[in-house]
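A short write-up of the structure that comes next.
Hydrogens, waters and symmetry mates play no part in the numbers below; they use all other heavy atoms, side chains included.
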Amino acid sequence: MNLQIRDPRARDLARQLAEKRKISMTEAVIEALESELEREREQVPLAERLAAIANDLKAKGGSGGRDLTKDEIDEMWGHS
C-alpha cells in the first residue's frame, strides 16, 4: 500500500526526518508513529502521578494533624 501525505506540513516534516535519517518517507512516518505510541504506553496517568505526590506529602507531614472542615476549606479559598 502506498502512503499518501496530502498535508503540506506533515509531508515536509516526514521529508525532513527521512533526510536526516537517510530513510524513506514511509519509514520515517512509521518510526515517528512507533516512537509516539511507545511514549503514550510509558506515560503515567495524571491521577497516578497526583496520588504519588499526595502520598509523598502525607508521609512528609507526619502525624498529629487533623482534617479540615468544609467551612475551613471554604474560608481558605475565599468562599465565606
Atom pairs and distances, side-chain donor-acceptor, residues 21-30, under 3.5 Å, sequence neighbours left out:
unit_1, atom_1, unit_2, atom_2, d
Arg21, NH1, Glu31, OE1, 2.6
Ser24, OG, Glu27, N, 3.0
Ser24, OG, Glu27, OE1, 3.2
Glu27, OE1, Ser24, N, 3.0

> Does Trp77 sit in a hydrophobic cluster with other residues, and if so which ones, taking ILVMFWY side chains as linked at heavy-atom separations under 4.5 Å, directly or through other members?
Replying inline: Leu68, Ile73, Met76
> Is Glu75 paired with Lys70 through a side-chain N to carboxylate O contact shorter than 4.0 Å?
Replying inline: no
> Does some side-chain heavy atom of Leu46 sit less than 4.5 Å from a side-chain heavy atom of Arg49?
Replying inline: yes
>> Closer than 4.0 angstrom, basic N to acidic O: yes or no for Lys60 and Asp56?
In response: yes
>> Under the rule for side chain to side chain donor-acceptor pair (under 3.5 Å), what residues qualify as partners of Glu38, not counting sequence neighbours?
In response: Arg41
>> Using the side chain to side chain donor-acceptor pair (under 3.5 Å) criterion, which residues pair with Glu42? Sequence neighbours excluded.
In response: none
> What pairs with Ser35 under side chain to side chain donor-acceptor pair (under 3.5 Å), at least two apart in sequence or on another chain?
Replying inline: none
> Tracing side-chain links under 4.5 Å among I, L, V, M, F, W and Y, which residues wind up in one group with Leu13?
Replying inline: none
>> With heavy-atom distances below 4.5 Å as the criterion, would you say the side chains of Arg66 and Glu72 are in contact?
In response: yes
> Can you check whether Pro8's main-chain N or O pairs, donor with acceptor, with Asp12's side chain at less than 3.5 Å?
Replying inline: no
